[in-house]
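One structure below.
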Amino acid sequence: MANERILVVDDETTIRELICSILTQAGFDSRPVTSGMEALALLHSDDCYSVVLSDLIMAGMDGLSLLARIRQDHPDIPVVMVTAVHDISIALAAIRNGAYDYLLKPFDREQLLAIVHRAMENRRLKLENLAYQTKLESLVAARTELLRRALADLERSYDITLEALGDALDLKDAETEGHSKRVTAFTIAIARAMELPHDHIRVMARGAFLHDIGKMAIPDAILRKPGRLSPEEQEIMRQHAQLGYRILRRIPFLREAADIVYSHQECFDGSGYPRGLKGDQIPLGARIFAIADTFDAITSDRPYRAAQSIPAGRREIERHSGRQFDPEIVQVFLSISQQIWQDLRTEIEVQSSR
Ligand SMILES: [Fe+2]
């Protein structure tokens with residue numbers, strides 16, 4: 001308690017000395033000052049005070065003005081107003097303006113010490129509460145950051161797993177070598193040109209990468225058959241969209257991507273499969289993917305024909321605008337420079353040969 005400093009502000013010498021002597025006897029370190037300005041100067045140089053006891057009616061700066069300044073500059077220090085009975089309405093105004101309490105003159109020793117103790121206890125609780133809150137906030141922030149990092153790590157390892165899955169499919173279905181990676185890159189390029197949010201693009205990229213994952217469940221005899229498929233075989237082959245959807249929809253972070261996989265063979269005019277969806281019914285990611293997929297098929301070597309040029313691929317996409325493809329997305333696709341497609345192809349080839 002000896003360290004508890006109390007600032008006593010009163011322009012009346014007798015009252016000031018009386019208060020200070022009671023506080024000193026009780027073991028407090030009391031600092032008397034004679035005006036509000038002096039009190040502020042002292043607080044400004046060192047605000048280690050547990051309580052301020054201030055007269056209400058003083059020459060110069062009065063108690064209310066001093067209170068306002070202390071509330072503003074040193075909000076942690078409780079202020080007790082010392083006042084005569086006839087000032088009670090001003091004392092109440094002081095409480096409304098943030099004074100901790102008021103002490104009526106004349107007062108005895110016990111009353112003074114009781115109010116000082118209460119004010120100190122109040123301040124201690126407030127500071128404890130504040131410290132607890134600050135600690136809690138930093139604890140929550142730290143935990144949130146840990147969680148965010150763990151989730152990012154998890155997502156990264158998911159993506160690595162996905163890549164392995166896509167590679168496995170590329171190996172099984174030799175015709176599509178590098179196809180998954182290229183359509184993913186092309187889908188991302190179109191989605192970026194459309195200025196879609198990053199989160200959406202990520203979902204679309206996963207959907208594009210895994211679009212044919214259902215082919216894992218198609219018998220090799222059909223998947224790798226060199227000639228034309230019979231109508232029955234074609235029917236089985238077409239199930240890959242739904243099979244892929246069924247594989248992915250149970251994986252929570254791939255649920256949205258699963259919708260793209262389900263719809264990746266749909267056409268804008270409703271002539272696609274498996275559900276014959278039309279226009280906006282087809283998820284945006286699947287509409288973007290459809291363009292990326294066809295563009296890659298045209299500009300890649302196939303066992304039965306050589307790759308066509310990028311301008312030929314662009315013309316082919318334009319030709320099917322409004323039928324197979326969403327015309328608005330076709331416009332965005334056509335606005336992307338030829339060089340970008342060339343660079344993406346080269347980049348993926350380099351990556352795959354590593
Ligand atoms: Fe497909």
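In each ligand, atom 1 is the first atom listed, and ligand 1 is the first ligand listed.
Side-chain contact, Thr346 with Asp343: no donor N or O sits under 3.5 Å from an acceptor N or O.
The hydrophobic cluster of Ile160 has no other members, since no ILVMFWY side-chain heavy atom comes under 4.5 Å of it.
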Exercise. Going through the checks in order, is the side chain to side chain donor-acceptor pair (under 3.5 Å) test met by Arg345 and Ser300?
Worked result: CA-CA 10 Å; Arg345 275 195 158 273; Ser300 299; 2.6 Å; yes

Which pairs of donor and acceptor atoms, one on a side chain in residues 129-137, lie under 3.5 Å apart (sequence neighbours left out)?
{"residue": "Thr134", "atom": "OG1", "partner": "Leu130", "partner atom": "O", "Å": "2.6"}

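The ring pair (Phe, Tyr, Trp, His ring centres under 6.0 Å) search around Phe209 returns none, not counting sequence neighbours.
Atom CZ of Arg123 is surrounded by more than 12 heavy atoms from other residues, nucleotides or ligands within 6.0 Å.
Shown are the protein N/O/S atoms under 2.8 Å from the Fe ion (ligand 1), given by residue and atom: Asp212 OD1, His240 NE2, His264 NE2, Gln265 NE2.
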